[in-house]
Peer 1: 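Got a structure for you, questions after.
Start at 1 and go down the list; that is how both ligands and their atoms are numbered.
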Amino acid sequence: MINDIVKVLISKEEITKKVNELGALISKDYKGKNPLLICILKGSCIFFADLVRAVKIPLEIDFLAVSSYGASATTTGEVKVVKDLDKSIDGRHVIIVEDIVDTGLTLNFIKQMLMRRNTLSTKICTLLDKPSRRKLQISPDYTGFEVENHFLVGYGLDYAEKYRNLPDVCILKPEIYQ
Ligand code: IMP
C-alpha cells in the first residue's frame, strides 16, 4: 500500500491533536443538549470512533450509509441511502460527521434530508475540507483541516475500498486513480 502513496499529508499525531480540539469544542457547544452524532459510512468510521471518545458530555450515535452514483473518484450529486438511521431524529440536536467535504453535493443531500425530519438543529463536523472543489455553498460548522485538491486516502478514506486502514491521511499517486 505504501508504494501507492506520494507522501503523508497529515500524520496520526496531528490528527489526534485536532480530534481532541474538535471534541472539546463540541463538548462546550452541546452541554446539556444530548446531541446525536451521525456517522456517514464508510469513510468517516475511524474519525467518528475517535471523535465520540473525545467528546466529554452525554451523546448518542447512529449510522447512515449513502452511495453516490457515477465515477468512483468524483461524485455526481445523485445520492442513494443504503442504510438509514435506526431511530427518529425529530426534535434532536444532530451533528453529521463526515470524512471529507469535496464538491459538497453529498453533504447537501444528507443535510436537506435530515432537516426534513424536524431536527432541532443540524450541524456538520468534517475532518477534511477541500473548499476549492465546492460546487454548492455549504460550509461545515466544525472542520479539522482545510486541504488542497489532492486525492487523499487513509484514516478511513479509500480509493476503490483500499487504504482505509492507513493510520495517516496520505496523498495517493495520481497514476493509481487516473
Ligand atoms: P462530495 O459530494 O463531492 O463533497 O464528496 C464527498 C465524498 O466523496 C466523501 O465523503 C468521500 O467519500 C469522497 N471523496 C471526496 N474526496 C475524496 C478524497 O480525496 N479521497 C477519498 N474520498 C473522497
Peer 1: Give the atom numbers and elements of ligand 1 that come within less than 4.0 Å of a heavy atom of Thr106.
Peer 2: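 Numbered from 1, ligand 1 contributes 1 (P), 2 (O), 5 (O), 6 (C).
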Peer 1: How about Asn108 and Thr103: do any of their side-chain heavy atoms sit closer than 4.5 Å?
Peer 2: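 Contact flag for Asn108/Thr103 side chains = no.
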Peer 1: Short list, please: which atoms of ligand 1 are under 4.0 Å from a heavy atom of Glu98?
Peer 2: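 In order of number, 10 (O).
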Peer 1: For His150, take its heavy atoms, then give the atoms of ligand 1 lying under 4.0 Å from any of them.
Peer 2: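 Here the atoms of ligand 1 in question are 19 (O).
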Peer 1: Looking only at distance, does Gly104 have an N or O less than 3.5 Å from an N or O of ligand 1?
Peer 2: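 Min N/O separation from ligand 1 is below 3.5 Å for Gly104.
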Peer 1: Starting from the C-alpha separation in whole Å, work towards a yes-or-no answer on salt bridge (charged side-chain N to carboxylate O under 4.0 Å, His left out) for Lys17 and Glu14.
Peer 2: CA-CA 5 Å; Lys17 188 167 172 278; Glu14 291 173 284; over 6 Å; no
Peer 1: Is there a donor-acceptor pair closer than 3.5 Å between any side-chain N or O of Asp141 and the backbone N or O of Ile124?
Peer 2: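 Checking the backbone N and O of Ile124 against the side chain of Asp141, a donor-acceptor pair under 3.5 Å is found.
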Peer 1: Checking the N or O distance criterion of under 3.5 Å, is ligand 1 in contact with Leu157?
Peer 2: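 By distance alone, the answer is no.
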Peer 1: Show which atoms of ligand 1 fall inside a sub-4.0 Å distance from at least one heavy-atom site of Lys130.
Peer 2: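 Matching atoms, with element in brackets: 16 (N), 17 (C), 18 (C), 19 (O).
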Peer 1: Any side-chain heavy atom of Leu36 sitting closer than 4.5 Å to one from Ile95?
Peer 2: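 No, side chains not in contact.
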Peer 1: Taking only non-hydrogen atoms of Ile100, do any sit less than 4.0 angstrom from ligand 1?
Peer 2: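 The answer is yes: ligand 1 sits under 4.0 Å from a heavy atom of Ile100.
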Peer 1: Begin from the C-alpha positions of Lys83 and Asp86 and carry the test salt bridge (charged side-chain N to carboxylate O under 4.0 Å, His left out) through to its verdict.
Peer 2: CA-CA 9 Å; Lys83 185 229 164 278; Asp86 287 341; 3.3 Å; yes
Peer 1: Could you walk me through whether Arg117 and Asp84 pass the salt bridge (charged side-chain N to carboxylate O under 4.0 Å, His left out) test, one step at a time?
Peer 2: CA-CA 12 Å; Arg117 299 182 186 184; Asp84 208 338; 3.0 Å; yes
Peer 1: For Asp158, counting its heavy atoms only, list the atoms of ligand 1 lying under 4.0 Å from any of them.
Peer 2: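 It comes down to these atoms of ligand 1: 21 (C).
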